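Read through the structure below, which is laid out as structure tokens, and then see the notes.
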Number of protein chains: 2
Amino acid sequence: MANSPSGDSVTDRIVRVLETFTPSRSVQTAAEVGRRAGLPASTAHRIVGDLVEAGLLDRDGEGRISVGLRLWELATRSSHVLRVRQAALPAMERVQARVREHTQLAILEQDEALFLERLSDPRAGANITRIAGRLPLHASSSGLVLLAFAEPAVQERVLGGPLRRVSASTPTDPAAVRRKLAEVRRLGHAIAPGYIEEVSTGVAVPVRDDAGRAAAALSVVLPRDAVPALALEELHRAALEVERALRSPL
Amino acid sequence: MANSPSGDSVTDRIVRVLETFTPSRSVQTAAEVGRRAGLPASTAHRIVGDLVEAGLLDRDGEGRISVGLRLWELATRSSHVLRVRQAALPAMERVQARVREHTQLAILEQDEALFLERLSDPRAGANITRIAGRLPLHASSSGLVLLAFAEPAVQERVLGGPLRRVSASTPTDPAAVRRKLAEVRRLGHAIAPGYIEEVSTGVAVPVRDDAGRAAAALSVVLPRDAVPALALEELHRAALEVERALRSPL
DNA sequence: CCGCGGCTCCCGTTCAATGGGAGCGCGATG
DNA sequence: CATCGCGCTCCCATTGAACGGGAGCCGCGG
């Protein structure tokens with residue numbers, strides 16, 4: 001390879017380039033990509049050009065760069081995500097039809113909750129959760145469920161790290177979060193009033209794998225003071241259905 | 001870089017590695033990845049290791065390799081696909097609730113139909129379309145719609161290439177496909193009886209962009225001899241709704 | 001008209017990447 | 001029990017893909 005004064009590998013640079021694209025920055029110039037990826041201008045232009053040629057990035061008629069469809073295709077077609085989403089979608093649709101609120105599917109990824117799907121209801125309030133977006137585990141109902149039913153090592157690691165406040169109601173005291181996790185395990189669900197947004201309550205249940213761990217979390221976002229009974233009933237029923245779908249062979 | 005006796009770039013090799021993962025081969029050993037990507041064993045192990053470290057691939061407890069969640073996340077979170085899917089999903093759910101058949105969303109990609117979403121109904125028959133899967137344009141109702149309302153250059157390129165037969169009913173004569181495209185433009189929809197599977201009829205309508213091109217295609221898969229009137233009505237209504245959703249600012 | 005930023009292209013430099021091979025572990029087979 | 005085949009890790013001499021500074025062009029805004 002090349003002499004790389006910075007010592008970076010090509011793989012590292014490609015990942016940094018891809019990481020510059022975010023939900024709020026889905027289109028940018030190659031120069032901007034380079035600056036954000038920490039690359040010299042000519043290197044950035046060259047790497048972006050290579051990725052465009054490979055289909056991982058796309059260059060529009062005005063020369064602006066975005067994530068390419070080929071990347072989405074390669075990332076999706078053989079991904080575990082697709083299987084989980086497809087298993088969950090019918091059940092999520094039913095939850096949403098009955099509860100009439102945003103319905104979400106999340107999994108544990110690198111000590112955070114990663115959202116695989118979100119069915120939005122136009123009548124429901126605004127909601128910051130995004131598909132392919134992340135939320136801290138301690139700060140969301142999905143996250144609490146994923147953490148409560150994770151391996152103890154994950155729990156210790158998360159509780160030993162910083163617990164970021166997302167809203168005034170987010171618990172950040174490790175002991176309080178630990179108690180909350182014990183409650184989630186006892187009840188089999190999590191209720192998180194105002195943890196993310198003051199006006200909303202997240203309600204989540206686990207989708208268990210064969211070992212009893214949370215393979216995923218199903219949740220809805222209710223208005224802050226709504227009674228969660230119906231939502232819990234529908235979510236539990238949905239979770240059983242998703243567990244069944246995930247167990248059946250393809 | 002490196003002395004690369006084959007002259008391959010690192011980017012090319014990474015793409016070839018990612019391309020070895022398919023819907024029917026979502027898990028494989030690093031050695032298998034290397035063979036399929038045309039790489040020497042030690043090179044394959046090294047590149048796979050780098051991609052695992054970057055999160056683009058994942059290595060399970062038994063050392064088998066699959067596509068990583070990070071890749072899905074990076075590919076999805078800022079992708080145009082997400083916006084189109086989210087705009088279409090409510091309308092697709094309504095079509096499915098009323099028509100009770102598989103409902104699909106496709107876009108044009110590299111002279112093929114790429115499927116972004118498929119809502120499956122358990123009551124519906126089997127269907128080979130897959131999310132993040134492709135079908136030839138001339139051989140599917142979605143593809144016919146995407147092609148009929150594409151730029152003339154795309155039409156000429158596709159009609160000038162091989163038209164692969166997918167089932168006994170797939171049209172492969174360029175003149176016949178050209179006539180079919182004229183019919184699709186005149187009627188504003190495509191009906192494809194048995195083009196993919198003999199027992200099914202695909203019915204598709206375009207989701208138009210501001211220039212009148214097909215930004216996407218919405219379709220359902222009916223039993224071969226079903227009357228398409230209801231499906232067409234629902235699909236057209238859904239398409240208008242998706243067009244409206246795509247026009248509105250985020 | 002000038003300054004600025006994006007972009008393409010060139011090319012001397014160099015170390016990241018290459019890949020053959022040694023060696024280990026494991027499972028299957030005779 | 002010995003042997004074989006395969007996957008995998010690690011080493012390291014080799015080398016050319018990759019690096020990135022800089023020249024130059026173009027378009028745009030002031």
Side-chain angles (χ1 to χ4, degrees), chain A residues 1-22 24-68 71 78, chain B residues 1-22 24-68 70-71 74 78:
Chain A
M1 304 4 260
N3 86 85
S4 174
S6 64
D8 296 333
S9 70
V10 176
T11 305
D12 286 343
R13 293 165 181 238
I14 288 173
V15 170
R16 292 206 317 265
V17 163
L18 295 179
E19 284 176 340
T20 63
F21 294 89
T22 66
S24 54
R25 191 166 58 237
S26 58
V27 177
Q28 50 192 334
T29 65
E32 288 178 291
V33 170
R35 281 195 295 278
R36 291 187 173 112
L39 296 170
S42 53
T43 305
H45 277 279
R46 189 171 38 74
I47 290 182
V48 164
D50 289 346
L51 294 174
V52 166
E53 192 174 336
L56 305 194
L57 293 180
D58 183 68
R59 194 189 312 256
D60 70 15
E62 292 171 351
R64 290 175 309 172
I65 312 297
S66 55
V67 167
L71 184 67
S78 56
Chain B
M1 308 354 248
N3 87 88
S4 175
S6 64
D8 295 333
S9 70
V10 174
T11 305
D12 287 343
R13 292 165 182 239
I14 288 173
V15 170
R16 291 205 320 262
V17 162
L18 294 178
E19 284 176 340
T20 63
F21 294 92
T22 65
S24 55
R25 192 167 58 236
S26 59
V27 177
Q28 50 192 333
T29 65
E32 286 177 293
V33 169
R35 282 196 293 278
R36 291 186 172 113
L39 296 169
S42 52
T43 305
H45 277 281
R46 193 170 34 75
I47 290 182
V48 164
D50 289 346
L51 294 173
V52 166
E53 193 174 338
L56 304 194
L57 293 179
D58 183 69
R59 194 190 310 258
D60 71 15
E62 292 171 349
R64 290 175 309 174
I65 311 296
S66 55
V67 166
R70 184 66 173 152
L71 184 67
L74 292 177
S78 56

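These numbers were taken from a predicted model, which means no experiment stands behind them. Heavy-atom basis, side chains included; hydrogens, waters and symmetry copies ignored. Order of the sequence lines sets the chain letters (A, B, ...), proteins ahead of strands, with each chain counted from 1.
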When the distance from [atom1] of [X] to [atom2] of [N] is rounded to whole Å, what number comes out?
| X | N | atom1 | atom2 | value |
| --- | --- | --- | --- | --- |
| A:Asp12 | C:dA16 | CG | P | 11 Å |
| B:Asp50 | C:dA17 | CG | P | 7 Å |
| A:Asp8 | D:dC19 | CG | P | 9 Å |
| A:Leu39 | D:dA18 | CG | P | 14 Å |
| B:Glu62 | C:dG27 | CD | C1' | 14 Å |
| A:Ile14 | D:dA18 | CD1 | C1' | 11 Å |
| A:Ile47 | D:dA17 | CD1 | P | 16 Å |
| A:Arg16 | D:dC19 | CZ | C1' | 13 Å |

Quick one: list whatever passes salt bridge (Lys or Arg N to Asp or Glu O under 4.0 Å) with [X], sequence neighbours left out.
| X | value |
| --- | --- |
| A:Arg25 | none |
| A:Arg59 | none |
| A:Glu32 | A:Arg36 |

Would you indicate what A:Gly7 reaches in the nucleic acid, counting non-hydrogen atoms under 4.0 angstrom: base, sugar-phosphate, or nothing?
sugar-phosphate

Helix axis bend for the helix from C:dC1-D:dG30 to C:dG30-D:dC1 - C1'-based end axes, five pairs, 10° rounding:
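About 40° separates the two local helix axes.
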
Validation: residues 44-51 of chain B side-chain donor-acceptor distances under 3.5 Å, sequence neighbours left out:
none

Taking DNA chain C as the partner, which of residues 25-36 of chain A come within under 4.0 angstrom of it by heavy atom?
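Going residue by residue through residues 25-36 of chain A, the ones with a heavy atom under 4.0 Å of DNA chain C turn out to be A:Thr29, A:Ala30, A:Ala31, A:Arg35.
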
How close do A:Ser78 and B:Thr22 get, counting heavy atoms only, and between which atoms?
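Taking A:Ser78 first and B:Thr22 second, the nearest heavy atoms are CB-O, 3.2 Å.
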
Between A:Ser26 and A:Phe21 the two heavy atoms that sit nearest each other are O-CD2, 3.7 Å

Checking A:Ser42 now: which residues fulfil side chain to side chain contact (heavy atoms under 4.5 Å, CB included) with it, not counting sequence neighbours?
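Residues passing side chain to side chain contact (heavy atoms under 4.5 Å, CB included) with A:Ser42: none at all.
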
For A:Ala31, all residues meeting side chain to side chain contact (heavy atoms under 4.5 Å, CB included), sequence neighbours excluded
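Counting only residues at least two positions away or on another chain, A:Ala31 forms a side chain to side chain contact (heavy atoms under 4.5 Å, CB included) with A:Thr29, A:Arg35.
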
Would you say A:Arg46 places a side-chain N or O within less than 4.0 Å of OP1 or OP2 belonging to D:dC19?
yes

So, does A:Arg13 get its side chain near the phosphate of D:dG20, meaning an N or O under 4.0 Å from OP1 or OP2?
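Result: yes.
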
Stepwise side chain to side chain contact (heavy atoms under 4.5 Å, CB included) check, A:Leu71 with B:Leu71
CA-CA 8 Å; A:Leu71 184 67; B:Leu71 184 67; 3.7 Å; yes

Let me know, please, whether A:Thr11 or A:Ile65 comes out on the 5' side of the other along DNA chain C by nearest nucleotide.
A:Ile65

Report, one line per pair, each donor and acceptor closer than 3.5 Å where one atom sits in a side chain of residues 9-20 of chain B; sequence neighbours left out.
from	atom 1	to	atom 2	distance (Å)
B:Ser9	OG	B:Asp12	N	3.1
B:Ser9	OG	B:Asp12	OD2	3.2
B:Arg13	NH2	B:Ser4	OG	3.1
B:Arg13	NH2	B:Ser6	OG	2.8
B:Arg16	NE	B:Ala37	O	2.8
B:Arg16	NH1	B:Asp8	OD2	3.4
B:Arg16	NH2	B:Asp8	OD2	3.4
B:Arg16	NH2	B:Ala37	O	3.0
B:Glu19	OE2	A:Arg70	NH2	2.9
B:Thr20	OG1	B:Val17	O	2.6
B:Thr20	OG1	B:Gln28	NE2	3.0

Sub-3.5 Å pairs of nitrogen or oxygen atoms, protein against nucleotides 21-23 of chain D:
from	atom 1	to	atom 2	distance (Å)
D:dG21	N7	A:Ser42	OG	3.0
D:dG21	O6	A:Ser42	OG	3.2

